[in-house]
Amino acid sequence: MQEGAMSDEEDFVPDLVPAQYAPIPVLIITGCLGAGKTTLLNYILTEQHHKRIAVILNEFGEGSAMEKSLSIGEEGNMYEEWLELRNGCLCCSVKDNGVKAIENLMQKRGRFDYILLETTGLADPGPVASIFWLDKELGSDVYLDGIVTVVDAKNIVKTLDEATEEAMSEEPAEQSTLGTPARQVALADLLILNKTDLVTPAELDEIRSRLVAINGAAALLPTSRCRVDLDKILDLHAYEKVDFKRQSLGTVTLERPGSVRRRDLESFVHGLLWEKTVADRRGRPVHMLRMKGMASVVGEERRLILQAVGEICDTELASRWEPDEPRVTRLIFIGRHLDESRLDEAFRSTVPVVSEHQADAV
Ligand SMILES: Nc1nc2c(ncn2[C@@H]2O[C@H](COP(=O)(O)OP(=O)(O)OP(=O)(O)O)[C@@H](O)[C@H]2O)c(=O)[nH]1
Ligand SMILES: [Zn+2]
């Protein structure tokens, strides 16, 4: 009830007070237990980043200095404690998925300009990521800058194999047979291949091809102790630009010059994600983990960005097309049972290219 009253009041505010704060980017850091997530956090915080960073820890592992320095709340309680870090950074630890922490963090607005959120090693990052689109109030405060998955080079092949076996024995037939480790890889915008000091160059090659087979769209940075160039991690803007350089087994891209109707595009995406209208040659419906897209929509000067994590989808208008920039629509899919020609066929038949003078038919 109070919340309702508050948002009513807020509705009047924009007329009187100019928007004071721009939405703050949130970077989700995920990866298996012990992969190096906290090492990455600590590294980012100690490097020069010219940002005031707020950190949200979603769990307590053993061992890391930062985690130890936080006292742990009672088991099962929603717990939150704030800690001032170097360079005016803030740190907070929570036992839930981090959304409540972000809401609370917003009360400290103005004291930070970037949020790092470390998920538990056992978690599928999908639900956390999609909350930024589902929760509209939260969505005006923060935006998802990207998902970084830290991979333990020493263990990843074994972890992927075991998790897939486990998932296959548990799940009923046509359900997701991808374990959490593979989902973490699939959802990544950036893969940090950590602990390269513990493997041979030949092993590294094998790991790379395993990762690329699951997610060929993510950038991949091999490293030790997460010492990566911060420019490659912070401000990813993974959901604003759509990069199509790579391709692989688990990744399909479709590209068509020209403009399309927004409603055609949406019905294609809905059919794909919800009605499962597209299947591979063996009749298995596409199991989409991630989709990113950028479209040129008739009658619209800005590019339309499409995003999906699992079945949750979001569209948003982004930057303007330059006057002489060729209009193009591109979609990238990461998932299973992806058959490029079937997808392309469905795309062509559902989303015809239309010319600008047909714009009134939108
Ligand atoms: N040899 C080696 N050890 C590393 C590297 N990166 C991190 N470690 C060690 O691996 C262990 C786990 O690192 P963390 O950063 O705590 O991993 P995490 O992903 O946060 O772990 P959880 O929060 O428990 O899931 C620590 O003992 C690190 O010092 C690396 O590149 N090489
Ligand atoms: Zn950790």
Side-chain angles (χ1 to χ4, degrees), residues 130 133 143-144 146 186-187 189 215-219 236-362:
S130 54
W133 305 325
Y143 69 89
L144 183 58
L187 292 179
D189 298 296
N215 182 347
L236 282 178
H237 297 287
Y239 292 81
E240 288 162 43
K241 56 170 194 266
V242 181
D243 197 353
F244 292 93
K245 273 175 228 123
R246 293 150 193 275
Q247 258 204 51
S248 75
L249 294 175
T251 312
V252 165
T253 63
L254 302 178
E255 177 170 331
R256 298 184 76 188
S259 298
V260 300
R261 289 192 189 92
R262 185 167 178 162
R263 64 145 198 258
D264 292 342
L265 200 57
E266 285 176 350
S267 76
F268 173 67
V269 171
H270 293 172
L272 201 57
L273 297 180
W274 302 339
E275 289 141 37
K276 316 278 184 206
T277 48
V278 186
D280 69 1
R281 276 158 211 281
R282 291 170 55 189
R284 296 172 300 187
V286 165
H287 177 81
M288 196 68 71
L289 289 166
R290 182 83 189 270
M291 184 205 71
K292 300 194 213 184
M294 179 185 74
S296 170
V297 170
V298 273
E300 176 54 62
E301 288 171 18
R302 288 167 294 174
R303 56 198 95 214
L304 182 74
I305 301 295
L306 297 102
Q307 289 295 337
V309 171
E311 294 189 350
I312 312 295
C313 182
D314 187 54
T315 54
E316 197 182 350
L317 289 165
S319 59
R320 279 170 201 281
W321 294 95
E322 297 300 323
D324 50 359
E325 190 179 0
R327 297 285 193 112
V328 66
T329 294
R330 289 185 188 132
L331 300 174
I332 184 161
F333 306 99
I334 299 167
R336 310 183 68 226
H337 310 152
L338 295 173
D339 180 315
E340 184 159 4
S341 60
R342 291 284 164 92
L343 277 163
D344 194 49
E345 212 173 281
F347 184 54
R348 281 170 190 277
S349 61
T350 327
V351 192
V353 171
V354 290
S355 60
E356 275 303 320
H357 68 257
Q358 291 174 289
D360 48 343
V362 172

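All values below were derived from every heavy atom in this structure, side-chain atoms included, with hydrogens, water molecules and symmetry-related copies excluded. Positions are given from 1, in the same order as the sequence printed here.
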Any residue meeting side chain to side chain donor-acceptor pair (under 3.5 Å) with Arg302, in chain and number order, not counting sequence neighbours |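 Expected list: Glu300.
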Partners meeting side chain to side chain donor-acceptor pair (under 3.5 Å) with Arg281 (sequence neighbours left out) =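 Side chain to side chain donor-acceptor pair (under 3.5 Å) check on Arg281 returns Asp339, Ser341.
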About how many Å separate [atom2] of [Y] and [atom1] of [X], when rounded to the nearest 0.5 Å?
X      : Y      : atom1 : atom2 : result
Thr253 : Arg330 : OG1   : CZ    : 9.0 Å
Thr329 : Leu265 : OG1   : CG    : 6.5 Å
Glu255 : Ile332 : CD    : CD1   : 10.5 Å
Lys292 : Ile305 : NZ    : CD1   : 10.0 Å
Arg303 : Leu317 : CZ    : CG    : 11.5 Å
Ile334 : Asn215 : CD1   : CG    : 4.0 Å

Qualifying residues under salt bridge (charged side-chain N to carboxylate O under 4.0 Å, His left out), relative to Glu266, sequence neighbours excluded =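 Arg262.
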Residues forming a salt bridge (charged side-chain N to carboxylate O under 4.0 Å, His left out) with Arg320, sequence neighbours excluded =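 Checked Arg320 against salt bridge (charged side-chain N to carboxylate O under 4.0 Å, His left out); matches are Glu301.
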At their closest point, which heavy atom of [X] faces which heavy atom of [Y], and how far apart are they?
X      : Y      : answer
Val297 : Ser259 : C-CB, 4.2 Å
Leu306 : Ala295 : CD1-CB, 4.2 Å
Val351 : Arg256 : O-NH1, 2.8 Å
Val353 : Pro257 : CG2-O, 3.6 Å
Ser296 : Arg327 : OG-NH1, 3.0 Å
Gly146 : Asp189 : CA-OD2, 3.3 Å

Determine which pairs satisfy side-chain hydrogen bond (donor to acceptor under 3.5 Å, both in side chains) with at least one residue from residues 269-279, sequence neighbours left out, and list them in order.
->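 Counting only pairs at least two positions apart or across chains, the side-chain hydrogen bond (donor to acceptor under 3.5 Å, both in side chains) contacts touching residues 269-279 are Lys276-Glu311.
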Does Arg290 reach the main-chain N or O of Leu187 with its side chain, forming a donor-acceptor pair under 3.5 Å?
->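 Yes, the answer is positive, given that a donor and an acceptor are paired below the 3.5 Å cut-off.
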Go through the steps for Asp344 and Val252 under the test side-chain contact (heavy atoms from CB on, under 4.5 Å), then give the verdict.
-> CA-CA 9 Å; Asp344 194 49; Val252 165; over 6 Å; no
What do the steps show when you test Leu338 against Glu340 for side-chain contact (heavy atoms from CB on, under 4.5 Å), and what is the final call?
-> CA-CA 6 Å; Leu338 295 173; Glu340 184 159 4; over 6 Å; no
For Thr350, which residues count as a side-chain contact (heavy atoms from CB on, under 4.5 Å) partner, sequence neighbours excluded?
->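 In terms of side-chain contact (heavy atoms from CB on, under 4.5 Å), with neighbours along the sequence ignored, Thr350 is linked to Ser267, Phe268.
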